[in-house]
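What follows is a single structure, and I will ask about it in a moment.
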Amino acid sequence: MLLKELAASASPLNEQQVHKLTQVAAELSATQLAWVSGYFYGISQQQGGVSVPAAAAQPAGKLTIIYASQTGNAKGVAEALKAQASASGVAVDLFNAADYKIKQLKKETHVLIVASTNGEGEAPDDAIEFHKQLKAGKAGKLDGLHYGVLGLGDSSYEFFCQTGKDFDEYLSKAGATPLLGRLDCDVDYDAAAESWSQSVVALVKDALQLEAANEAAPVVPLTQGAASLYNKKNPFAAELVTNQKITGRDSDKDIRHFEISLDGSDLSYQPGDALGIWFSNDESLVDALLALVELAPETPVKVGDESLSLREALVNHYELTQGYASFVQAYAEWSDSEKLKALLEDKAALREYCANHQILDIVREQPASLTAEQLQGALRRLTPRLYSIASSQAEVEDEVHLTVGVVRFEQDGEARAGGASSFLSDRLEEGGQVRVFVEHNDNFRLPANDDTPVIMVGPGTGIAPFRAFIQEREAREAAGQNWLFFGNPHFTQDFLYQTEWQRYVKSGLLNKISLAFSRDQQEKVYVQHKLREQGAEVYAWLEQGAHFYVCGDANKMAKDVHEALIELVAEHGNKSREQAEDYIDALRSAKRYQRDVY
């Protein structure tokens with residue numbers, strides 16, 4: 001009716017134009033109408049057309065970005081998204097899901113969520129409460145909200161990008177309207193996330209009508225402490241100073257202590273952060289793969305805008321030391337493998353197969369000749385590995401230390417090794433260069449108050465961040481008590497950093513240490529057993545305000561420790577299981593229960 005009334009008044013449109021606009025408008029949502037409005041306004045400004053009152057270009061709201069991140073990837077995407085929005089003149093706020101109040105959603109007009117998925121389809125630790133409340137409908141009706149969801153995940157897992165899918169479903173059920181379709185990103189997410197971000201920022205900008213078509217506000221830099229020139233896309237070429245095996249000669253594990261110099265960089269880190277390692281594949285692995293698929297190493301290919309030989313591309317740019325479902329699917333078709341086709345019908349079996357087979361192993365089971373385009377198209381791009389930092393800069397200054405378990409196994413009688421771990425341990429000599437960057441993790445931090453007690457559970461290489469924690473607390477002369485739970489197979493072969501922990505116990509900095517060497521007696525003993533044994537005192541520490549930390553294996557250890565924690569709270573706090581779970585949830589919400597699991 002409004003368009004017809006305009007035609008009858010002093011409108012510059014003729015009746016046919018009004019009729020066309022009426023037809024188009026009837027098919028558009030409110031967000032799309034706002035976008036079209038901004039689009040036509042931009043054209044009018046470019047063509048010197050009819051002027052529009054300034055009020056039409058005023059913001060209709062602001063953009064809120066919420067991230068749910070376990071290792072820092074989702075946070076990084078969200079920060080880049082905020083930078084794009086700010087550069088486009090969009091008023092934007094950025095929140096960790098742990099810090100965002102669910103009732104605030106009712107007051108928002110435009111929200112973007114960037115969410116990773118943890119373990120088997122679980123929300124990251126910082127988003128568990130937000131996820132639970134949104135699922136339960138605590139946000140209320142969200143009819144006035146427009147939203148977008150970008151999920152990060154790993155397609156080799158059955159519940160790929162499940163957290164992002166959940167948020168999309170819960171927001172839609174609450175009546176919110178999607179700005180554009182949800183994007184589910186695999187481990188090689190940079191290009192897809194960048195494209196999605198550009199599209200959604202353009203939609204939000206036009207919907208909010210923040211500025212004329214060709215105006216752009218200056219970029220607002222995003223910083224965390226002192227901004228660094230070096231990051232994931234621009235890593236620092238650091239020197240490997242020390243490569244030291246810290247398990248005994250008879251140990252079943254090869255665990256290394258690495259010291260890397262950051263001298264000449266502006267990189268800084270805090271205890272709890274991770275170091276990203278870019279690595280190259282073993283050249284012998286690449287040569288074996290090329291022989292199996294009958295491709296010449298010098299075959300020219302393009303990687304982005306760069307022209308390379310196929311061999312060089314495989315060494316430096318593609319993931320070969322992990323199996324993944326997308327490669328299995330493509331190769332099953334080319335090789336006509338009945339085994340691979342059957343695996344594709346059983347997600348659990350496929351996931352287990354991929355975990356134990358590298359790309360070479362998959363091809364070797366039924367070799368097939370491929371074109372360079374087929375091979376390149378089926379392979380994932382190489383992604384850096386993240387390792388929990390095992391040092392405090394307050395002690396080691398311009399160095400960074402890592403505790404890395406070297407992945408080694410046999411497949412069909414042939415030795416196999418992990419990508420980054422074997423690069424550091426076997427192919428990079430001391431004095432050689434490795435490309436690194438710091439991945440900040442605000443979800444795994446020491447208490448701000450140095451008087452606060454901490455309980456640290458870190459079996460195996462999970463000990464790494466707690467070495468950093470203790471170094472930091474010593475440097476700060478923190479008065480809070482410290483209790484470490486550590487486990488590994490054998491005391492004589494696998495007690496990582498034994499002399500250091502003994503020194504900390506002797507000095508009184510480490511008030512308690514509980515050790516679980518699983519193979520040193522007939523019955524296997526793990527850290528969760530030690531937690532239960534010490535349950536009364538653990539609960540007493542929690543009641544006194546202690547922070548509880550877990551680092552290490554996500555698939556079994558972290559779940560077993562979580563269960564032990566619930567049980568000891570129920571037993572020693574005289575609570576029902578439901579009450580104990582609420583107690584643990586309250587710890588997590590207060591950031592007193594933090595996990596760095598992988």
Subject >> Residues that H529 engages under side chain to side chain donor-acceptor pair (under 3.5 Å), provided they are two or more places apart >> reply: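 With neighbours one apart ignored, the set is empty.
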Original post:
Would you say the side chains of Q162 and D166 form a donor-acceptor pair under 3.5 Å?
Top reply: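 Looking only at side-chain atoms, D166 and Q162 do form a donor-acceptor pair, the distance falling under 3.5 Å.
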**OP:** Mind checking side chain to side chain donor-acceptor pair (under 3.5 Å) for S280 and listing every partner two or more places apart, or none if nothing turns up?
**Re:**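 Here the qualifying residues are N316.
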Subject >> Test item: side-chain donor near acceptor, Q493 and S251, under 3.5 Å >> reply: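 Result is no, nothing qualifies.
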Original post:
Under 3.5 Å, is there a donor-acceptor pair between the side chain of R592 and the main chain of A546?
Top reply: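 Looks like yes, one N/O pair under 3.5 Å.
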**OP:** Consider only side-chain N and O atoms of N443 and N96, and report whether a donor and an acceptor are under 3.5 Å apart.
**Re:**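 Side chains of N443 and N96: pair found under 3.5 Å.
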**OP:** With sequence neighbours left out, write down each residue that passes side chain to side chain contact (heavy atoms under 4.5 Å, CB included) with A475, or none if nothing qualifies.
**Re:**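 In terms of side chain to side chain contact (heavy atoms under 4.5 Å, CB included), with neighbours along the sequence ignored, A475 is linked to A394.
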**OP:** Verify the neighbour count for atom CD of E352: are there more than 12 heavy atoms of other residues, nucleotides or ligands below 6.0 Å?
**Re:**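 At most 12 heavy atoms, drawn from other residues, nucleotides or ligands, come within 6.0 Å of this atom.
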**OP:** Please check if the side chain of Q393 supplies one atom and the backbone of E397 the other of a donor-acceptor pair under 3.5 Å.
**Re:**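 The answer is yes, because a donor-acceptor pair under 3.5 Å joins these two groups.
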**OP:** Decide yes or no on side chain to side chain donor-acceptor pair (under 3.5 Å) for Q471 and S392, but give the supporting numbers first.
**Re:** CA-CA 6 Å; Q471 288 182 0; S392 163; 5.1 Å; no
Original post:
Should the heavy atoms of other residues, nucleotides or ligands under 6.0 Å from NZ of K556 be counted, would the total exceed 12?
Top reply: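 It does not: K556 NZ has 12 such atoms or fewer within range.
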Original post:
Can you list every pair that meets salt bridge (Lys or Arg N to Asp or Glu O under 4.0 Å) and has a residue in residues 483-504, with sequence neighbours left out?
Top reply: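 Salt bridge (Lys or Arg N to Asp or Glu O under 4.0 Å) check on residues 483-504 returns R467-E500, E474-R503.
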Original post:
Charged N to carboxylate O below 4.0 Å: is that the case for R381 and E319?
Top reply: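 Not counted as a salt bridge, because no side-chain N and carboxylate O are separated by less than 4.0 Å.
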**OP:** Can you sort out the partners of Y539 under ring-ring contact (aromatic ring centres under 6.0 Å, His included), two or more places apart, ordered by chain and number?
**Re:**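 Testing Y539 for ring-ring contact (aromatic ring centres under 6.0 Å, His included), a comparison that skips the adjacent residues, returns Y583.
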Subject >> H401 versus E399, side-chain donor and acceptor atoms under 3.5 Å >> reply: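 Short answer, yes.
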Subject >> By salt bridge (Lys or Arg N to Asp or Glu O under 4.0 Å) - contacts of R519 (at least two apart) >> reply: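 Applying salt bridge (Lys or Arg N to Asp or Glu O under 4.0 Å) to R519 gives none.
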**OP:** Fit a plane to each ring of F279 and F423, take the angle between them on a 0 to 90° scale, and name the class: parallel (under 30°), tilted (30 to 60°) or perpendicular (over 60°).
**Re:**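 Tilted, since the angle between the ring planes falls between 30° and 60°.
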Original post:
Just checking, is any N or O donor in the side chain of K253 or N488 under 3.5 Å from an acceptor N or O on the other one?
Top reply: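 Result is yes, a qualifying pair exists.
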Original post:
Is a side-chain N or O of N243 found less than 3.5 angstrom from the main chain of E430, in a donor-acceptor match?
Top reply: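 It does not hold such a pair.
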Give every donor-acceptor pair under 3.5 Å between a side-chain atom in residues 448-464 and any protein atom, sequence neighbours left out.
from : atom 1 : to   : atom 2 : distance (Å)
N449 : OD1    : D451 : N      : 2.9
D450 : OD1    : R476 : NE     : 3.1
D450 : OD1    : R476 : NH2    : 2.4
T452 : OG1    : N449 : O      : 3.1
T461 : OG1    : Y598 : OH     : 3.4

Subject >> Residues E283 and R311 bridged, charged N to O under 4.0 Å >> reply: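 Between R311 and E283 there is a salt bridge, with a charged N closer than 4.0 Å to a carboxylate O.
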Original post:
Please walk me through it: do R351 and D154 pass salt bridge (Lys or Arg N to Asp or Glu O under 4.0 Å)?
Top reply: CA-CA 11 Å; R351 188 164 62 252; D154 183 338; over 6 Å; no
**OP:** Sequence neighbours left out, what passes ring-ring contact (aromatic ring centres under 6.0 Å, His included) with F495? Give chain and number order.
**Re:**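 Residues passing ring-ring contact (aromatic ring centres under 6.0 Å, His included) with F495: F486, F491, F517.
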**OP:** Please answer whether the main-chain N or O of V407 pairs with a side-chain N or O of S421 as donor and acceptor at a distance below 3.5 Å.
**Re:**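 Here the side-chain-to-backbone pair exists.
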**OP:** State, without any angle test, whether D263 and S261 hold a side-chain donor-acceptor pair at a distance under 3.5 Å.
**Re:**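 No pair is found: no donor N or O on one side chain lies under 3.5 Å from an acceptor on the other.
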Original post:
Which of these passes ring-ring contact (aromatic ring centres under 6.0 Å, His included) with F236: Y230, W278, F437?
Top reply: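 Checked Y230, W278, F437 against F236; only one passes ring-ring contact (aromatic ring centres under 6.0 Å, His included): Y230.
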Original post:
Can you list the residues that meet the ring-ring contact (aromatic ring centres under 6.0 Å, His included) rule with H547, with sequence neighbours excluded?
Top reply: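 By the ring-ring contact (aromatic ring centres under 6.0 Å, His included) rule, H547 matches no residue at all.
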**OP:** Give the C-alpha distance, both sets of side-chain angles, the deciding distance and a yes or no for side chain to side chain contact (heavy atoms under 4.5 Å, CB included) between K512 and W541.
**Re:** CA-CA 12 Å; K512 288 183 69 68; W541 277 47; 4.2 Å; yes
**OP:** List in chain and number order the residues that pass ring-ring contact (aromatic ring centres under 6.0 Å, His included) with Y269, two or more places apart in sequence or in another chain; answer none if no residue qualifies.
**Re:**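 Applying ring-ring contact (aromatic ring centres under 6.0 Å, His included) to Y269 gives none.
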Subject >> Non-neighbouring partners of E122 that pass side chain to side chain contact (heavy atoms under 4.5 Å, CB included), sequence neighbours left out >> reply: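 E122 satisfies side chain to side chain contact (heavy atoms under 4.5 Å, CB included) with N118, K559 only.
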Subject >> Inter-residue atom distance D273.CG - L267.CG, 0.5 Å rounding >> reply: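 Those atoms lie 11.0 Å apart.
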Original post:
Which value, rounded to the nearest 0.5 Å, describes the distance between L275 atom CG and Y387 atom OH?
Top reply: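 Answer for the CG-OH pair, L275 versus Y387, is 10.0 Å.
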Subject >> Check ion pair D426-R408 (N to O, under 4.0 angstrom) >> reply: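 So D426 pairs with R408 through a salt bridge.
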**OP:** Please check if the side chain of S422 supplies one atom and the backbone of G418 the other of a donor-acceptor pair under 3.5 Å.
**Re:**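 Indeed, once roles are kept as given, a pair shorter than 3.5 Å links the two residues.
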Original post:
So do L515 and I513 actually touch side chain to side chain, heavy atoms under 4.5 Å?
Top reply: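 The answer is yes, as the side chains (C-beta and beyond) meet within the 4.5 Å cut-off.
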**OP:** Go through the side-chain N and O atoms of Q270 and H440 and say whether any donor and acceptor fall under 3.5 Å apart.
**Re:**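 No - no donor-acceptor pair under 3.5 Å links their side chains.
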Subject >> side chain to side chain contact (heavy atoms under 4.5 Å, CB included) between Q534 and S514, worked out >> reply: CA-CA 9 Å; Q534 305 282 337; S514 299; 4.2 Å; yes
Original post:
Are the charged groups of R588 and D585 less than 4.0 angstrom apart, N to O?
Top reply: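 Yes.
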**OP:** Tell me, with the steps shown, if F548 and F485 meet ring pair (Phe, Tyr, Trp, His ring centres under 6.0 Å).
**Re:** CA-CA 11 Å; F548 189 92; F485 286 81; 7.6 Å; no
**OP:** Scan side-chain atoms only and decide if T383 and Y189 contain a donor-acceptor pair under the 3.5 Å cut-off.
**Re:**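 No, no side-chain donor-acceptor pair sits under 3.5 Å.
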Original post:
Using a distance-only test with no angle check, is there a side-chain donor-acceptor pair under 3.5 angstrom linking D596 and S388?
Top reply: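 Per modelled atom types, D596 and S388 side chains form a pair under 3.5 Å.
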Original post:
Could you give the distance from CZ (F327) to CD1 (I359), rounded to the nearest 0.5 Å?
Top reply: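 Here the rounded value is 4.5 Å.
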**OP:** Decide whether Q481 and Q544 meet the rule of one side-chain donor and one side-chain acceptor closer than 3.5 Å.
**Re:**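 Not at all, the side chains of Q481 and Q544 share no donor-acceptor pair under 3.5 Å.
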Subject >> Positive for side-chain hydrogen bond (donor to acceptor under 3.5 Å, both in side chains) with R364, one of Q358, E414, Q411 >> reply: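 Option passing the side-chain hydrogen bond (donor to acceptor under 3.5 Å, both in side chains) with R364: E414.
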Original post:
So, the side chain of D282 versus the backbone of S284: is there a donor-acceptor pair under 3.5 Å, distance only?
Top reply: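 Such a contact is found between D282 side chain and S284 backbone.
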Subject >> Pairwise side-chain contact, I362 with Y353, heavy-atom cut-off 4.5 Å (strictly under) >> reply: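 In contact.
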Original post:
Do K232 and E439 meet the salt-bridge criterion of a basic N to acidic O distance under 4.0 Å?
Top reply: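 Looking at E439 and K232, the cut-off is not met.
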Original post:
Ion pair present between E79 and K82, side-chain N to carboxylate O less than 4.0 angstrom?
Top reply: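 Here E79 does not pair with K82 in a salt bridge, since their nearest N and O are not under 4.0 Å apart.
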Original post:
Can you name the residues that form a side chain to side chain donor-acceptor pair (under 3.5 Å) with D184, not counting sequence neighbours?
Top reply: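 For D184 the side chain to side chain donor-acceptor pair (under 3.5 Å) partners, ignoring immediate neighbours, are R182.
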**OP:** Quick one: do Y549 and F469 satisfy ring pair (Phe, Tyr, Trp, His ring centres under 6.0 Å)? Show the steps, please.
**Re:** CA-CA 11 Å; Y549 300 89; F469 276 23; 5.1 Å; yes
Subject >> Stacked cation flag R380 on Y324, 6.0 angstrom / 45 deg >> reply: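 Pair R380/Y324 counts as cation-pi.
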Subject >> Lys/Arg N to Asp/Glu carboxylate O, D99 vs K591, below 4.0 Å >> reply: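 Yes, D99 and K591 are salt-bridged.
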